[in-house]
Amino acid sequence: MMKLKTVAACLMAASCSLMAQQAQAEKVVRWAQQSDIPTLDPYAFASTPALAFQNHIYEGLVQWNEQLEMEGALATRWEQRDDTTLRFYLREGVRFHNGNDFNADDVVASIARVTHPDSGIRGNASSIKEAVKVDDHTVDIRLNSKSPIALNELSGILMMDKEWMEEHRALEPTSMSKGTEGHATNNTNGTGPFRLESRRRDAEMVLVKHDGWWNGAQAQHNIDRIIYKPVSSDATRLAGILAGEFDLVSDVPLQDLPRLEKEKRVEVMVRPSLRVIFLSLNMADELNAGNVDGKNPLQDRRVREAMHMAIDREAIVQKIMRGMTDVANTFVAPAIAGFDAERGVELGYDPERAKALLAEAGYPKGFKLAFDCEQGYYLNAEQWCQAVQRYWARIGIDSSLNVHPRSVYSQIRDNGRTDVAVLGWANLPLYDAYSINQQLLHSRDGGIYGAFNIPRFKNDTIDRLIEQSNTELDQQVRADLMGEVLALAQQELPFLPLHFEPVAWATSDKLSITQNPDNVVRLWYASLN
């Protein structure tokens, strides 16, 4: 028995030695995050982490570079033909990971797919009408009207292979909100710097360097393999980065940062992000928890104000967010066009005034709400959701809190099956307030507007101003219009802003990577020592 144990130990040691040698031979980045990427279909879900991961595999006609400047990707250049036509000249010699040529047919099919009514990111392509092939390497993108944000939107539309989609019956998109899946949910075929080698949902994904990448000769990265692991346990992610098992943890719990900062082999990176964290309120005619005397209390602005004033947001920032961010009194971050601090929400913590407002609105004894929070996506969300629940209880609002993984939560939130939901919005990939105005604040029209108007909020003046800004090419006039929309909406409070979510990463000292406020991991610009 002793001999068998000795042999087994030797074999294990030999195996570990071989793995170590392979790891030394290859440049491998081991990336851990709290939750899995729920879908690899680039048109299924408007999510910053999903977009960040998919951008390693797929590319757009244009892209934001490491300095957050717009540049060509699969298009070498473009020109404005008329008010509603952009002509793109495609990069020649580009091949998809399966060897198929990239050409105008792929652009036409991709644009048709992303603008399909069932596309999960239809709102991110609001200005795009269709693509028309001119020749194999020239394509016209036709717009619904003249637009100042068409290029911004195109940066988030990743190009897919028409032949591959036809082969796998994937010409129509899937949508996480609708719970649909297809071949593109778990399989990929892009043109990007990395290709998918394997995917085990909720366990591991492996990307390998695409040797046939069109930009390989000028590649800035030296990475051969990316191993992505969803690790729900904060303690396990912390232990992993400390033990050298991970090279990148892109959602470090804030309470762990002081310990990590003491480690010489770990680099801690923290900065403010573009994302505002909101509570989204159900303003439809029926509450999921049941109306009060036939009415939904959340339709009364006094009630919404009371709910906001009941939350000690400064305490949440200091205690739960460890003082590493700021209270958000506006719907967008300062870096986003349309931001105006002077026209923000001016409601501080005042539980007594909140009680008075509830009584004034006719709810002195409060009411009940369904409250749903997301697990493993927003930093410390479970803690601040619980804190909000306690603050509301103090003014008589009984909110039943349930916490769900993203795959379950997104369907509950997006389909209005809760009264209070959590939502973070960074205005990506547009980097423009039109994103929140068009998707969250405009009323739902079943088309390009209101895709994430979860409260079912409607204001005719706001709708008109948003539509006007959609076609305004004068940047100052346009910024003023967007600022007016935000000012009006911030007074109505269909969403209650809480705080700006910080970007908190930890890396091994071997990994060199740039952290931007959009919280997008761009490993094709990174390098390993």
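For Gln67, the CD atom sits in a packed shell: over 12 heavy atoms of surrounding residues, nucleotides or ligands are nearer than 6.0 Å. In the displayed structure, Lys129 atom NZ is contacted under 6.0 Å by at most 12 heavy atoms of other residues, nucleotides or ligands.
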Exercise for the section: I would like to know whether Phe96 and His210 meet side chain to side chain contact (heavy atoms under 4.5 Å, CB included); could you show each step before the answer? Expected result: CA-CA 10 Å; Phe96 286 95; His210 174 38; over 6 Å; no
Practice task
Take Arg304 and Glu492 through the test salt bridge (Lys or Arg N to Asp or Glu O under 4.0 Å) and record every step on the way to the result.
Solution key: CA-CA 8 Å; Arg304 301 194 296 274; Glu492 291 290 332; 3.5 Å; yes
Exercise for the section: Report the C-alpha separation of Asn222 and Ser527 in whole Å, then their side-chain angles, then the decisive distance to 0.1 Å, and conclude whether the side chain to side chain donor-acceptor pair (under 3.5 Å) test is met. Expected result: CA-CA 5 Å; Asn222 65 349; Ser527 61; 4.9 Å; no
Practice task
Test side chain to side chain donor-acceptor pair (under 3.5 Å) on Ser126 and Glu153 and set out the steps.
Solution key: CA-CA 8 Å; Ser126 65; Glu153 292 192 323; 2.7 Å; yes
Practice task
With side chain to side chain contact (heavy atoms under 4.5 Å, CB included) as the test, would you mind laying out the steps for Arg87 and Thr138 before giving the verdict?
Solution key: CA-CA 7 Å; Arg87 175 160 293 182; Thr138 311; 3.7 Å; yes
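Inter-residue side-chain proximity for Val422 and Phe278 is flagged as unmet; no heavy-atom pair is nearer than 4.5 Å. Looking at Val503 and Val270, their side chains never come closer than 4.5 Å, going by heavy atoms from C-beta outward. For the pair Pro429/Ser155, a side-chain contact is recorded, criterion being any heavy-atom separation below 4.5 Å from C-beta on. For the pair Ile226/Leu523, a side-chain contact is recorded, criterion being any heavy-atom separation below 4.5 Å from C-beta on. Contact annotation: the side chain of Arg113 approaches that of Met165 to within less than 4.5 Å [non-hydrogen atoms, C-beta and beyond]. Here the side chains of Leu196 and Leu40 are in contact, with some heavy-atom distance below 4.5 Å. Between Leu281 and Val420, the closest side-chain pair of non-hydrogen atoms falls below 4.5 Å. With contacts defined as side-chain heavy-atom distances shorter than 4.5 Å, the pair Trp31/Ile227 does not qualify.
Donor-acceptor pairing under 3.5 Å is lacking for the side chains of Glu501 and Asn519. A donor atom on one side chain and an acceptor atom on the other are not found under 3.5 Å apart for Asn103 and Asp136. Looking at Tyr377 and Ser47, their side chains do bring a donor and an acceptor atom within 3.5 Å of each other. Of the N and O atoms on the side chains of Glu79 and Tyr89, at least one donor lies less than 3.5 Å from an acceptor on the other residue. Between the side chains of Glu181 and Thr174, no donor-acceptor pair of N or O atoms lies under 3.5 Å. Side chains of Asp432 and Asn152: a donor-acceptor N/O pair is absent below 3.5 angstrom, by distance only. Using a 3.5 Å distance cut-off with no hydrogens or angles, the side chains of Glu167 and His183 do not pair a donor with an acceptor. Side chains of Thr191 and Trp214: no donor on one and acceptor on the other come within 3.5 Å. Side-chain contact check for Thr185 and Asp41: no donor-acceptor pair (N or O, by modelled atom type) lies under 3.5 Å. Between the side chains of Thr514 and Glu66, a donor-acceptor pair is found at a separation under 3.5 Å. Using modelled atom types, one finds a donor on one side chain and an acceptor on the other under 3.5 Å when comparing Asn124 with Gln439. Under the 3.5 Å distance criterion, with hydrogens and angles disregarded, a donor-acceptor pair is assigned to the side chains of Asp480 and Gln476.
The aromatic ring centres of Phe339 and Phe331 sit 6.0 Å or more apart. Between Trp524 and Phe194, the gap from one ring centroid to the other reaches at least 6.0 Å.
For Tyr378, there are no ring-ring contact (aromatic ring centres under 6.0 Å, His included) partners at least two apart in sequence or on another chain. Under the rule for a side chain to side chain contact (heavy atoms under 4.5 Å, CB included), the partners of Ala219 that lie at least two apart in sequence or sit in another chain are Trp213, His221.
Taking all atoms of both residues into account, the shortest heavy-atom contact from Val206 to Arg225 is CG1-NH1, 3.4 Å. Pairing each heavy atom of Gly376 with each of Ser35, the nearest pair is O-OG, 2.8 Å. Closest approach of Pro42 and Met160 over heavy atoms only: CG-SD, 3.8 Å. Nearest approach of Val231 to Arg237, heavy atoms of both residues: O-NH1, 2.8 Å. Leu441 and Ile462 make their closest contact through O-CG2, 3.9 Å (heavy atoms, listed as atom of the first residue, atom of the second, distance). Nearest approach of Ala337 to Met482, heavy atoms of both residues: O-CE, 3.8 Å.
Checking side-chain atoms of Arg95 against main-chain N and O of Gly99 turns up a donor-acceptor pair under 3.5 Å. Checked by atom type and distance alone, the side chain of Gln490 pairs as donor or acceptor with a backbone atom of Arg343 at under 3.5 Å. No donor-acceptor distance shorter than 3.5 angstrom exists from the side chain of Glu197 to the backbone of Leu207, with no hydrogens or angles considered. No side-chain donor-acceptor contact under 3.5 Å links Arg142 to the backbone of Thr85. Looking at His116, its side chain does come within 3.5 Å of a backbone N or O of Asp118 through a donor-acceptor pair. Side chain of Asn186 to main chain of Arg199: no donor-acceptor pair is present (N/O by atom type, distance under 3.5 Å, no hydrogens or angles). At least one donor-acceptor pair under 3.5 Å links the side chain of Ser469 to the backbone N or O of Ile466. Within the 3.5 Å criterion, the main-chain N or O of Met70 finds no donor-acceptor partner in the side chain of Gln63. Formation of a donor-acceptor pair under 3.5 Å by the Arg456 side chain with backbone atoms of Ile454 is found in this model. Using modelled atom types, one side-chain atom of Arg122 and one backbone atom of Thr115 make a donor-acceptor pair closer than 3.5 Å.
When Arg30, Lys229, Lys510 are each tested for a salt bridge (charged side-chain N to carboxylate O under 4.0 Å, His left out) with Asp247, only one passes: Arg30.
Salt bridge status for Lys458 with Asp460: present, with a side-chain N to carboxylate O gap under 4.0 Å. Using a cut-off of 4.0 Å between Lys/Arg side-chain N and Asp/Glu carboxylate O, Asp140 and Arg81 are scored as not salt-bridged. Of the charged side-chain nitrogens involved, none lies within less than 4.0 Å of a carboxylate oxygen, so that Arg413 and Asp372 do not count as a salt-bridged pair.
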